[in-house]
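Because the structure is predicted, anything quoted here is derived from the model rather than measured. Positions are given from 1, in the same order as the sequence printed here. What you see below is based on every heavy atom in this structure, not just the backbone, and it leaves out hydrogens, waters and symmetry mates.
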Amino acid sequence: MRVHSSATTASRIAVAAEREQQPGLGTLQAALGVIAFSLTFPATAWGLEGFGPWSLVAVRSVLAAVIAGSALLALHVPLPARRHWSGLAVVAAGVVLGFPLLTTLALETSTTAHAAVVVGLLPLTTALLSALRVGTRPSRTFWAAALAGAAAVLAFTVQQSGGALSRADLYLFAALLVCAAGYTEGGRLARVMPGWHVIGWALVLCLPLTVPGAAFALAQEPVRLTAHSVTGLLWVAAGSQFLGLVVWYRGMAAVGIPKASQLQLAQPLLTLVWSVLLLGEHLPVAAPLTAVAVLVCIAVTQRARG
């Protein structure tokens, strides 16, 4: 009983330290998470050069869980309280399994640039779910800027797709919902436990599904190990699935879910840059205009009361 009490006290101290950090540091951490996430689609495209979609998603989750589990074990982190496991299950379903799988399936037929702008609606989706789940009440200025940013992203998407929705778009819109739910629940849990514990335990929670899933998928889908496929796999596992989420949840705990989520309005534009530099994709003419509109909206949301 004393051990559990000490562990709980240590966890509360760690959370308090995260929440007492300067808002600027929290914003920086959330921004680092966005940068990590912006590389996810190009890395996934690289990974698909050598792995099937199911293999890539399952193996990335297993590798990320090994990293997270090793850190949890090495630091003697106690199991979360029973009341937190339902929230961790939502995080696991949304950001460990749902979003990676749905976006990977979409990227089989969609370019990373197109996928990036569709997922640009994620900040607004996250803010809406946060208002419903956590009870946050951002100001009208915040909502106006968030809606304007989402409208800019949506207009860009429609202009690029010619107004038609493909099966890839349906995958991406479904990914928005499950990821926003995972972000919202993860941000809520990051208020009561260190942010990296949230994603760490969510990854470990998925091991009973991802380990047999990886074994089965690898047996069914062809594997071709290349520099691109291995690099892509390692990045989505270590960078996107673990380290990026660690700093992301810490940032959300410090500055709040709504404000942190709006930093992701810059993610589609960053992904566009990576898609050109790493994949040689063509940069749409409308991208610079969208970038200006999005960055203005980010500045407004960060100053508005959230």
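Applying the ring pair (Phe, Tyr, Trp, His ring centres under 6.0 Å) criterion to W46, with sequence neighbours excluded, gives H228. Scored by the side chain to side chain donor-acceptor pair (under 3.5 Å) test, T40 finds S240 as partners (sequence neighbours excluded). With sequence neighbours excluded, the residues forming a side-chain contact (heavy atoms from CB on, under 4.5 Å) with V273 are L277, listed by chain and number. Under the rule for a ring pair (Phe, Tyr, Trp, His ring centres under 6.0 Å), Y171 has no partner lying at least two apart in sequence or in another chain. Residues that satisfy the side-chain contact (heavy atoms from CB on, under 4.5 Å) test with V34, not counting sequence neighbours, are W248, L263, Q264, Q267, L270. Residues that satisfy the ring pair (Phe, Tyr, Trp, His ring centres under 6.0 Å) test with H84, not counting sequence neighbours, are absent from this structure. Partners of F173 by side-chain contact (heavy atoms from CB on, under 4.5 Å), not counting sequence neighbours, listed by chain and number: V118, L121, L165, D169, L176. Applying the ring pair (Phe, Tyr, Trp, His ring centres under 6.0 Å) criterion to F41, with sequence neighbours excluded, gives no partner residue. The side-chain contact (heavy atoms from CB on, under 4.5 Å) search around A217 returns W54, S55, E221, not counting sequence neighbours.
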Validation: residues 60-72 side-chain donor-acceptor distances under 3.5 Å, sequence neighbours left out:
unit_1	atom_1	unit_2	atom_2	d
R60	NE	Q241	OE1	3.0
R60	NH2	Q241	OE1	3.3
S61	OG	V57	O	3.0
S61	OG	V96	O	3.4
S70	OG	V66	O	2.7

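Scanning all heavy atoms of the two residues, the minimum distance from L278 to P42 falls at CD1-CB, 4.2 Å. Taking each heavy atom of S229 and R224 in turn, the nearest pair found is OG-O, 3.2 Å. Considering every non-hydrogen atom in both A45 and L279, the closest pair reads CB-CD1, 4.0 Å. Taking all atoms of both residues into account, the shortest heavy-atom contact from G186 to V198 is CA-CG1, 4.0 Å. Scanning both residues, V178 and F99, for their nearest heavy atoms gives CG2-N, 3.8 Å. Between A181 and L129 the shortest heavy-atom distance is N-CD1, 3.4 Å.
Counting only distance, with no hydrogens or angles, the side chain of T103 and the backbone of P100 share a donor-acceptor pair below 3.5 Å.
Rounded to the nearest 0.5 angstrom, L177 CG and L172 CG are separated by 11.5 Å. A distance of 11.0 Å separates OG1 of T44 from CG of L105, quoted to the nearest 0.5 Å. With rounding to the nearest 0.5 Å, the separation of OG1 in T226 from CZ in F51 is 8.0 Å. Atom CE of residue M252 and atom CG of residue L245 lie 8.0 Å apart, to the nearest 0.5 angstrom. Separating the CG atom in L102 from the CG atom in L107 is a distance of 11.0 Å, to the nearest 0.5 Å. Note: H114 NE2 to T109 OG1 = 9.0 Å, rounded to the nearest 0.5 Å.
Screening residues 173-185 for salt bridge (Lys or Arg N to Asp or Glu O under 4.0 Å) gives R133-E185, E185-R188 as the qualifying pairs, with residues at least two apart or on separate chains. Here ring pair (Phe, Tyr, Trp, His ring centres under 6.0 Å) pairs that include residues 251-298, with residues two or more places apart or in two chains, number zero.
Looking at E281 and T112, their side chains do bring a donor and an acceptor atom within 3.5 Å of each other.
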### Steps toward side-chain contact (heavy atoms from CB on, under 4.5 Å) verdict (L75, W196)
CA-CA 12 Å; L75 296 175; W196 76 273; 3.6 Å; yes
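Side-chain contact between L97 and T210 is present, with at least one heavy-atom pair separated by less than 4.5 Å. You'll find the side chain of W85 reaches within 4.5 Å of the side chain of L79, heavy atoms only.
Ring geometry for Y249 versus Y183: interplanar angle over 60°, hence perpendicular rather than tilted (30 to 60°).
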